[in-house]
Asker: 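Here's a structure for you.
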Amino acid sequence: MAETLGVSRYCDQWRRAIAQHTAFTAVQTWNDFSEDHGITDSNYRGRTLIALTRYFTDWYHAGTPPTITREQVYLFHHRQLTGARLTEATILAHNDKWHLTPTTDYLNVVTLLHTPGTVRLQVGTDAWTLDAPAGFHEWLVYVPSLRTTAGDNNEAFNHGADSYPVTDAGRTVTVATHMAAGTPTVTLTRQGAVLATVTSRLSLADTARWQDLSLVGTMTEW
């Protein structure tokens with residue numbers, strides 16, 4: 001179980017390849033749903049990863065960000081809170097020691113905008129606001145994990161705050177103290193007018209029969 005923090009790690013890899021003018025890039029995926037990295041249309045993510053991969057591929061080939069013809073807002077999160085109550089679970093996923101970040105509660109928003117806008121992110125009783133710039137921008141809101149071991153093998157993670165992404169030119173990171181269960185929503189406004197709302201296709205659950213930390217993705221474009 002690798003913690004990708006939504007598409008934060010995926011964006012990191014593409015941005016690094018673009019910045020370093022990498023001569024050759026392979027997007028490697030088995031489309032194996034049990035591994036949760038298939039770049040394909042699915043009931044958990046729709047076409048979100050296909051659309052983002054298209055954007056980054058065009059950027060990679062041209063060397064400059066592609067012209068945004070349609071504005072887009074993406075929302076990503078786990079299927080469950082990491083501390084969800086599980087009524088029938090017999091085995092739990094765990095990060096092996098070589099994974100960078102422990103399993104974490106997060107919400108991840110990507111915006112592709114013509115001009116800046118105000119983004120409001122809400123789940124349950126928790127809400128955050130960001131002034132998003134024009135062009136590509138990623139916003140990661142996370143609650144630091146309290147987990148200190150790698151699970152059954154009882155080996156220390158040694159991953160603290162420095163294992164999480166930080167704010168830079170293409171990303172804003174917000175460290176939260178709490179994340180409620182519920183259906184996450186993102187609202188984009190300009191000058192007080194609502195332009196778009198993204199309501200997640202699946203709720204962020206605090207109770208379930210089995211553990212399911214799959215990536216959920218939802219998007220809108222206009």
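Just so you know, residue 1 is the first one in the sequence shown, and it goes up from there.
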Asker: Between Asp12 and Arg171, is there a side-chain heavy-atom distance shorter than 4.5 Å?
Answerer: yes

Asker: Donor-acceptor check, side chain of Gln122 to backbone of Gly124, threshold 3.5 angstrom: yes or no?
Answerer: yes

Asker: Determine whether a donor-acceptor pair (N or O, by modelled atom type, separation under 3.5 Å) exists between the side chain of His78 and the backbone of Leu213.
Answerer: yes

Asker: Check whether the side chains of Trp14 and Tyr10 place a donor and an acceptor atom closer than 3.5 Å, and report yes or no.
Answerer: yes

Asker: What distance do Leu215 atom CG and Thr48 atom OG1 have between them, rounded to the nearest 0.5 Å?
Answerer: 6.5 Å

Asker: Checking the side chain of Thr82 only, and the main-chain atoms of Asp105 only, is there a donor and an acceptor separated by less than 3.5 Å?
Answerer: no

Asker: Kindly indicate, with the supporting measurements, whether the criterion salt bridge (charged side-chain N to carboxylate O under 4.0 Å, His left out) is fulfilled by Arg54 and Asp58.
Answerer: CA-CA 6 Å; Arg54 172 79 276 167; Asp58 290 346; 2.8 Å; yes

Asker: Just verifying a value: how many Å separate Thr103 OG1 and Gln80 CD, rounded to the nearest 0.5 Å?
Answerer: 11.5 Å

Asker: Just say parallel, tilted or perpendicular for the rings of Tyr74 and Phe76, cut-offs at 30° and 60°.
Answerer: parallel

Asker: Roughly how far, to the nearest 0.5 Å, is the CD atom of Glu88 from the CG atom of Leu86?
Answerer: 10.0 Å

Asker: Just wondering, more than 12 heavy atoms not from Gln28 lying within 6.0 Å of its CD?
Answerer: no

Asker: Between Arg190 (side chain) and Pro116 (backbone), is there a donor-acceptor pair under 3.5 Å?
Answerer: yes

Asker: Using the salt bridge (Lys or Arg N to Asp or Glu O under 4.0 Å) rule, collect all pairs that involve residues 107-123, keeping only residues at least two apart or in two chains.
Answerer: none

Asker: Are the side chains of Glu3 and Tyr106 in contact, using a 4.5 Å heavy-atom criterion?
Answerer: yes

Asker: When you measure from the side chain of Arg79 to the backbone of Tyr44, do you find a donor-acceptor pair of N or O atoms at a distance under 3.5 Å?
Answerer: no

Asker: In chain order, what residues pass the side-chain hydrogen bond (donor to acceptor under 3.5 Å, both in side chains) check against Ser203, with sequence neighbours excluded?
Answerer: Thr183

Asker: Mark yes when over 12 heavy atoms from residues, nucleotides or ligands other than Arg47 sit less than 6.0 Å from its CZ; otherwise mark no.
Answerer: no

Asker: Using only heavy-atom distances, determine whether the side chains of Tyr164 and Thr104 contain a donor-acceptor pair under 3.5 Å.
Answerer: yes

Asker: Which heavy atom of Ile68 sits nearest to which heavy atom of Gly135, and what is that distance?
Answerer: CD1-CA, 3.7 Å

Asker: Provide the full list of ring-ring contact (aromatic ring centres under 6.0 Å, His included) pairs with a residue in residues 117-139, sequence neighbours left out, each pair given once.
Answerer: Phe56-Phe136

Asker: Could you check whether any side-chain N or O of Ser200 sits under 3.5 Å from a backbone N or O of Pro184, counting only pairs where one atom can act as donor and the other as acceptor?
Answerer: no

